[in-house]
Amino acid sequence: MDRTTDGWGSGLVGVIIFSGSLPATRVAVGDFSPLFLTSARAVIAALLGAAFLVLLRQVRPARGDLGSLIVVALGVVVGFPLLTALALQHITSARSIVFIGLLPLATAIFGVLRGGERPKSVFWLFSGLGAATVAGFALFNSGSGSLSGDLLMVAAILLCGLGYAEGATLSRRLGGWQVISWALLLSLPMMAIVALITMPESWNGIGGPAWLGLAYVSIFSMLIGFVFWYRGLALGGIAGVGQLQLLQPFFGLALAALLLHEPVAWTMIAATGLVVVCVAGAKRFV
């Protein structure tokens with residue numbers, strides 16, 4: 001019981017940390033390009049992760065784990081950060097957070113595909129209803145966003161769900177923080193080159209909020225959040241602790257309203273609430 005409780009507590013901390021990612025990204029892309037922000041956050045987190053791996057004398061992953069680590073890197077180190085940064089140039093962070101309500105469902109779907117499970121038909125009913133809710137919101141509220149921004153968010157969610165499912169499975173063998181650290185280290189050479197190519201020509205115009213946004217997504221979103229999240233999944237169980245992601249849209253909307261003073265329309269809250277209900281139902285029958 002203590003182990004399960006510890007896992008839920010650790011998972012909740014991870015979700016709260018992740019909730020600040022999109023508002024922080026929204027602030028950072030005001031002064032940094034999406035490519036530089038994505039690569040710079042990965043480089044900073046990779047250097048920190050490498051330091052932990054060396055100081056704690058972690059054993060290198062087996063050759064057979066490299067494929068899974070590459071999938072994790074493509075999903076949560078490169079794909080999700082880059083696509084959300086690009087999307088947030090077209091839509092507000094409050095709007096993007098509505099799409100985060102689909103993340104638990106995406107994770108569950110990839111978990112089914114990777115694990116060979118056979119969910120009940122009710123699962124697919126909730127899945128379709130949730131997807132239709134997000135699509136309807138995007139279509140009927142186009143004045144507050146853009147089609148390109150919405151499509152980028154959908155792609156980001158799919159890649160992140162894949163990275164979460166692959167990382168959760170791999171963490172059973174390697175450990176939670178080790179998975180994200182090794183994935184970051186694999187991405188380091190490419191991300192370092194991209195960061196050098198896309199770095200700003202002048203640093204004088206970079207404001208304090210943008211630096212704080214970069215620091216948050218590099219240290220907390222890219223590394224510390226995964227330490228708590230993967231640890232929670234390992235201790236409390238993927239299916240159980242994964243439900244905590246359902247709280248992330250509400251935390252994120254609150255942060256967007258309080259910190260960025262972005263308007264949060266009642267339609268956003270209604271859509272998010274309905275998506276959460278659909279995901280909860282889908283997860284119950286997975």
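Just so you know, residue 1 is the first one in the sequence shown, and it goes up from there. Quick caveat, the model's predicted, so the values are computed rather than measured.
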Minimum heavy-atom distance [X]-[Y], with the two atoms named:
{"X": "Gly149", "Y": "Ala87", "value": "O-CB, 3.5 Å"}
{"X": "Leu103", "Y": "Gly161", "value": "CD1-N, 3.8 Å"}
{"X": "Ala168", "Y": "Ser171", "value": "O-OG, 2.7 Å"}
{"X": "Phe80", "Y": "Ala156", "value": "CD1-O, 3.3 Å"}
{"X": "Ala210", "Y": "Ile206", "value": "CB-CG2, 4.0 Å"}

Residue pair [X] / [Y], side-chain heavy-atom distance below 4.5 Å:
{"X": "Trp177", "Y": "Tyr230", "value": "no"}
{"X": "Leu184", "Y": "Met222", "value": "yes"}
{"X": "Leu159", "Y": "Phe110", "value": "no"}
{"X": "Val77", "Y": "Val72", "value": "no"}
{"X": "Val43", "Y": "Leu47", "value": "yes"}
{"X": "Val27", "Y": "Leu212", "value": "no"}

Rounded to the nearest 0.5 Å, what separation is found between the [atom1] atom of [X] and the [atom2] atom of [Y]?
{"X": "Leu48", "Y": "Leu223", "atom1": "CG", "atom2": "CG", "answer": "6.0 Å"}
{"X": "Leu66", "Y": "Arg60", "atom1": "CG", "atom2": "CZ", "answer": "10.5 Å"}
{"X": "Leu82", "Y": "Thr38", "atom1": "CG", "atom2": "OG1", "answer": "4.0 Å"}
{"X": "Ser187", "Y": "Leu74", "atom1": "OG", "atom2": "CG", "answer": "7.0 Å"}
{"X": "Leu88", "Y": "Ile91", "atom1": "CG", "atom2": "CD1", "answer": "6.0 Å"}
{"X": "His90", "Y": "Ser96", "atom1": "NE2", "atom2": "OG", "answer": "12.5 Å"}

Please tell me whether [X] and [Y] are part of a single hydrophobic cluster in this structure, the criterion being side-chain heavy atoms less than 4.5 Å apart.
{"X": "Val179", "Y": "Phe52", "answer": "yes"}
{"X": "Leu129", "Y": "Leu158", "answer": "no"}
{"X": "Phe226", "Y": "Leu56", "answer": "yes"}
{"X": "Val122", "Y": "Leu274", "answer": "no"}
{"X": "Trp182", "Y": "Val59", "answer": "no"}

Checking side chain to side chain contact (heavy atoms under 4.5 Å, CB included) for the pair Leu152/Phe99: CA distance, chi angles, key distance, verdict? CA-CA 10 Å; Leu152 285 167; Phe99 291 89; over 6 Å; no
Counting only N and O atoms by type, is there a donor-acceptor contact under 3.5 Å from the side chain of [X] to the main-chain atoms of [Y]?
{"X": "Arg41", "Y": "Phe36", "result": "no"}
{"X": "Thr84", "Y": "Pro81", "result": "yes"}
{"X": "Tyr164", "Y": "Gly75", "result": "no"}
{"X": "Ser68", "Y": "Asp65", "result": "no"}
{"X": "Ser33", "Y": "Val29", "result": "no"}
{"X": "Ser10", "Y": "Phe228", "result": "yes"}
{"X": "Asp31", "Y": "Gly207", "result": "yes"}

Assess the residue pair Met190 and Val78 against the criterion (side chain to side chain contact (heavy atoms under 4.5 Å, CB included)); give the C-alpha distance rounded to whole Å, side-chain angles, the decisive distance to 0.1 Å, and a yes or no. CA-CA 10 Å; Met190 180 183 69; Val78 180; 4.1 Å; yes
Full working for side chain to side chain contact (heavy atoms under 4.5 Å, CB included) between Glu166 and Leu69: CA-CA 8 Å; Glu166 198 73 27; Leu69 285 171; over 6 Å; no
Would you say the ring centroid of Trp211 lies under 6.0 angstrom from that of Phe32? yes
Between Phe220 and Phe18, is the ring centroid distance below 6.0 Å? no
Under 4.5 Å side-chain linkage, directly or through intermediates, the cluster mates of Ile197: Ile193
Take Trp229 and Ile17, measure what side chain to side chain contact (heavy atoms under 4.5 Å, CB included) needs, and give me the verdict at the end. CA-CA 9 Å; Trp229 181 240; Ile17 291 173; over 6 Å; no
Side chain to side chain donor-acceptor pair (under 3.5 Å) involving Ser181 - partner list, sequence neighbours excluded: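 Once residues adjacent in sequence are excluded, Ser181 has no partner under the side chain to side chain donor-acceptor pair (under 3.5 Å) criterion.
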Taking side chain to side chain donor-acceptor pair (under 3.5 Å) as the test, write out the residues that go with Gln58, two or more places apart. Gln178
